[in-house]
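Note: hydrogens, waters and symmetry copies are ignored here, and every other heavy atom, side chains too, is used. Just so it is clear, the model here is predicted, and its values are computed rather than measured. Counting starts at 1 for both ligands and their atoms, following the listed order.
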Amino acid sequence: MTHRPDTQAVHAGREDFVSLGVHASPIDLSSTYPVPDLDEGVASIDALAAGDATAANPIYARLYNPTVARYESALASLEGVDAAIAFASGMAAVTAILMAAKIKCPDKSNVVAVRPLYGGTDHLLASGLTGWDMKWATPETVSELVDEQTALVWVETPANPTLQLVDIAAVCKAAGDVAVVVDNTFATPILQNPAKLGASMVLHSGTKYLGGHGDVLSGLVACNEDWAAPIRQVRILTGAVLHPLGAFLLHRAMPTLPLRVRKAQENAIELVEFLDKHAAVSEVFYPGHGDNDPTGLVGTQMAGPGGILAFEVGSYKVAARVLAKVKVFTSAVSLGATDSLIQHPAGLTHRIVSEEARKGAGITDGLMRISVGIEDVADLIDDLSQALS
Ligand SMILES: *Cc1c(COP(=O)(O)O)cnc(C)c1O
């Protein structure tokens, strides 16, 4: 029986706990596993190397780890797909998708991607290192740019850092038979489930809301078995596995994911109202705010606007002064932790993106991005108020 998301967040991936006689996720730190039965070992290696999720014998920790597998099954159930594959970071997950597409689509040559994207993703795609020809699109030009050589369509919504929304169902329709990857890091599975709208792969930097406490680097791809198998094959080959301690922390954070996301969102809505009226702020970017969501995706595609916002203070100098003055907020990159973070995208997270791409995506020198935490919002408003004065 499929439970509601808040119940799934508490219970998913814990199905074997009673039979194991435990109440917390057991951490298996073995790097290798005994192989007393060689026939079973051979069959297990064959199965895991072909991309199977499990085998009779795990053989070696780069091939399989039970602590990681428990968290993977939990995330898959939250996203409503067959499987999830965990990586050492979000960028390792991005890389694995791009390599798995070489296995799945050996005769294709290009990837269509909608900007803006996370700075690292943009930089990797633009670098040519992955061997794909790039076609940069807007949501409107996806259908023109997709051709018989296209292996993947890549989108991020809400996008980093301008919170631009992309209509996932419309992009999936425009992509036709081509697999669509949606980076769901900002929304989390609590606010948005791209696979239910037609996406083939849902990407998460687990470093953000899924970890939720700023203490674990990780990446996840949630998808059905047709893509899960080649992605596991890539993980075995490249070795960018998630450490079981990281998987334990992610699993431990999962029951509170809905609470953290909703509290951050509540705070963000109040901060947007405060910033909107502030004389030093010329524009606020937030899903559903102003003319940011013309097609009404907040409330339909997304259950709510989320906990990330951006705003314009006019110049690099003013932004730098705000960062130097905040006391409750921490001036730092990353997002999705329990504490509020503020940063300057043009100077930090999107520094490695070409200036042209930055300008095209609206990432100005006066743009600041906030990841709202779960503090008392009155203290956040007081802090921003003194920093902006
Ligand atoms: C952080 C982030 C990534 C990359 O994840 P890492 O865990 O830092 O490697 C990818 N996409 C988005 C939207 C992100 O915020």
Check: Do any nitrogen or oxygen atoms of Leu217 come within less than 3.5 Å of a nitrogen or oxygen of ligand 1?
Finding: no

Checklist line | Per-atom contacts of ligand 1 with Ser218, taking only distances under 4.0 Å to non-hydrogen atoms | finding: 7 (O)

Notebook entry, point to check: Do Thr295 and Thr300 come close enough that some side-chain heavy atom pair is under 4.5 Å?
Noted result: no

Notebook entry, point to check: Any idea which atoms of ligand 1 are less than 4.0 Å away from a heavy-atom of Met91?
Noted result: 5 (O), 6 (P), 9 (O)

Checklist line | Residue and atom name of the nearest protein heavy atom (relative to atom 5 (O) of ligand 1), distance in Å to one decimal | finding: Ser205 OG, 3.0 Å

Note to self: What protein heavy atom lies closest to atom 8 (O) of ligand 1? Include the residue and the distance to one decimal.
What the structure shows: Tyr118 OH, 3.7 Å

Margin query: Under 4.0 Å from a heavy atom of Glu156: which atoms of ligand 1 are those, numbered in the order shown and with their elements?
Written below: 13 (C)

Check: Pick one: which of Val182, Val155, Thr157, Val146 meets side-chain contact (heavy atoms from CB on, under 4.5 Å) with Val171?
Finding: Val155

Checklist line | Val241 side chain near Val68 side chain, heavy-atom distance below 4.5 Å | finding: no

Next item on the list: Check whether any N or O atom of Thr121, backbone or side chain, sits under 3.5 Å from an N or O atom of ligand 1, and answer yes or no.
Entry: no

Notebook entry, point to check: With side chains defined as the heavy atoms from C-beta onward, is the minimum distance between Pro26 and Phe248 less than 4.5 Å?
Noted result: no

Note to self: Nearest 0.5 angstrom please: Leu249 CG to Met254 CE, how far?
What the structure shows: 13.5 Å

Notebook entry, point to check: Do we get Lys108 above Trp132's six-membered ring, with its NZ or CZ under 6.0 Å from the centre and within 45° of the axis?
Noted result: no

Notebook entry, point to check: Backbone, side chain, both or neither: what part of Ala92 comes under 4.0 angstrom of ligand 1, heavy atoms only?
Noted result: neither

Next item on the list: Please report which non-hydrogen protein atom sits nearest to atom 7 (O) of ligand 1, along with the residue it belongs to and the distance in Å to one decimal place.
Entry: Thr207 OG1, 2.6 Å

Check: Got more than 12 heavy atoms from elsewhere within 6.0 Å of OH, Tyr316?
Finding: no

Next item on the list: Among all protein heavy atoms, pick the one closest to atom 11 (N) of ligand 1 and tell me residue, atom and distance.
Entry: Asp183 OD2, 2.7 Å

Notebook entry, point to check: Taking the non-hydrogen atoms of Gly206, is any one of them nearer than 4.0 angstrom to ligand 1?
Noted result: no

Notebook entry, point to check: At a 4.0 Å threshold, what atoms of ligand 1 neighbour a non-hydrogen atom of Ser89?
Noted result: 7 (O), 9 (O)

Note to self: Once rounded to the nearest 0.5 Å, what's the spacing between atom CZ of Arg358 and atom CG of Asp365?
What the structure shows: 7.0 Å

Checklist line | atom 1 (C) of ligand 1: nearest protein contact (heavy atom, Å) | finding: Lys208 NZ, 1.4 Å

Notebook entry, point to check: Taking side chain as C-beta onward, heavy atoms only, is Leu245 less than 4.5 Å from Leu29?
Noted result: yes

Margin query: Under 4.5 Å between side-chain heavy atoms, counting indirect links through other Ile/Leu/Val/Met/Phe/Trp/Tyr residues: same cluster for Phe311 and Val328 or not?
Written below: yes

Note to self: Looking only at distances, can you tell me whether any N or O atom of Phe186, backbone or side chain, sits closer than 3.5 Å to an N or O atom of ligand 1?
What the structure shows: no

Next item on the list: If you have a sec, work out which protein heavy atom is nearest atom 6 (P) of ligand 1 and how many Å separate them, to one decimal?
Entry: Gly90 N, 3.3 Å

